[in-house]
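See below for the structure under consideration.
When a ligand or atom number is given, it counts from 1 through the structure's own listing order.
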Amino acid sequence: MNSSRKFHDLTARERLDVLRDAGEISSDDAAELLRINELGVLSADVAAHIIENQVSQYALPLGVVRGLVVNNKSYVVPMVVEEASVVAAASHGAHMAARCGSICATSQPHRVLGEIVFEAAEVSAERAREIVVSCGTQLFEIARAALPSMHARSGGLEKIDVESSDNGTFTKILLTVNPCDAMGANAVNTIAEAVKTTLSQWLNASALVAILSNSGDESLTIAEVELTPQSVAVRGTEPEELVHRIALLSDLAQEDYARAVTHNKGIMNGISSAVLASGNDTRAVEACAHAYAAHSGKYQPLSTWHVNKSGNLCGRIELPLQVGIVGGSASSLPVAKIARRLGGYSNVTEFKNVLAALGLVQNLSALRALAGPGIQAGHMNLQMNALALAAGARGSEIDIIVEQLRALPSQERNSAQAARLIDELRACE
Ligand code: MEV
């Protein structure tokens, strides 16, 4: 191989050769990654053009939650996740909620903020305001010219505000953009950079940054559900006692930072998995959700649960969701395209409503398990699958080994036993 070529200039096969020759990957692993790349869900040329330094493909299972009823419509929600219990828990949560009717969800208009920031020593907030007021029409024209197709669909730049940063060091020009059904990162960045270029000339100052904000606080989604105690009943706990304990767990998350983080992690189990399946940016969604959880100055749970006067369990979730149903990587990821079709979302608001509802039922399942038998009991079957697979069971062996592991006393259900059972099974064949 020509050693003058840089790693990122090589083909996937060549990159794997480099890693193998450098002792950074075993020959077997390199061969396996090459095989996956050549037979994987993405064609090798598509995979090569999505990210830098691509060497193979990484597969995760795609599952679906069926019967998530939101605003009286039943959805099939595709999810991609490595954690065994997530889809099962979401499905169960969706089922419990559907027994009591529909989850109600609403979203504020889908908007994304961009900021162009100057040092206040160079551009005062007063000076920036003067320019925005006197030349606002031209700035809107520049934004329109930067993204004509979005403006033609009644989207694009909607509002320009000026603010000082908290301690007055910076002057911020805030752009509120309507990205239509897209997530908005590209739209906002394109508009922000176009506006920045002109503003910098007019103000005779160099802007420090022009970029979207992943805060999303101005576009919130809320989902609410009311469940009878019987619809969440679990063996071994009185239904009224169970809903009371779920409400107490919600109170605990309000007070206890350590618990709030785990509570929200459970919510994001559902949301991030559906976001990943849809080909959206999971990091943007996670960043804006957790930042919103702390927007009061104290990190708080994104959902709350209480028992109302009728004795029913009421849940509510509120969070920003930076996602889209058009554009983004889904355009090049065939399975994400299919997942978007499977979800059947006719606009981005519908998708956001479904995501919030999914987070709420995911949270419900977790709290119900925690308030009832504990989380491990429900995970047992799934853990047996994981043990059998990790020990090397394949094909028809998997179910046999899972059954045999389940029959063992709980303290003996481990990887060594799984390996022993596989050896015994194979010895009998
Ligand atoms: C596990 O992935 C998520 C939970 O820990 C969430 C929670 O504790 O609420 C079960």
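Evaluation of the ring pair (Phe, Tyr, Trp, His ring centres under 6.0 Å) rule for H295 yields Y292 as partners, not counting sequence neighbours.
Ionic pairing of R406 and E403 is present here: one or more N-O contacts between side-chain nitrogen and carboxylate oxygen are shorter than 4.0 angstrom. Contact check on R394 versus E397 returns no salt bridge, with no Lys/Arg side-chain nitrogen under 4.0 Å from an Asp/Glu carboxylate oxygen.
In K298, the NZ atom is crowded: over 12 heavy atoms of neighbouring residues, nucleotides or ligands sit closer than 6.0 Å.
For the pair I375 and L370, the minimum side-chain heavy-atom distance is below 4.5 Å.
Between A120 and G168, the closest heavy-atom pair is CB-O, 3.2 Å.
Within 4.0 Å of ligand 1, protein heavy atoms come from E83, R259, T262, H263, K265, G266, N269, A366, L370, I375.
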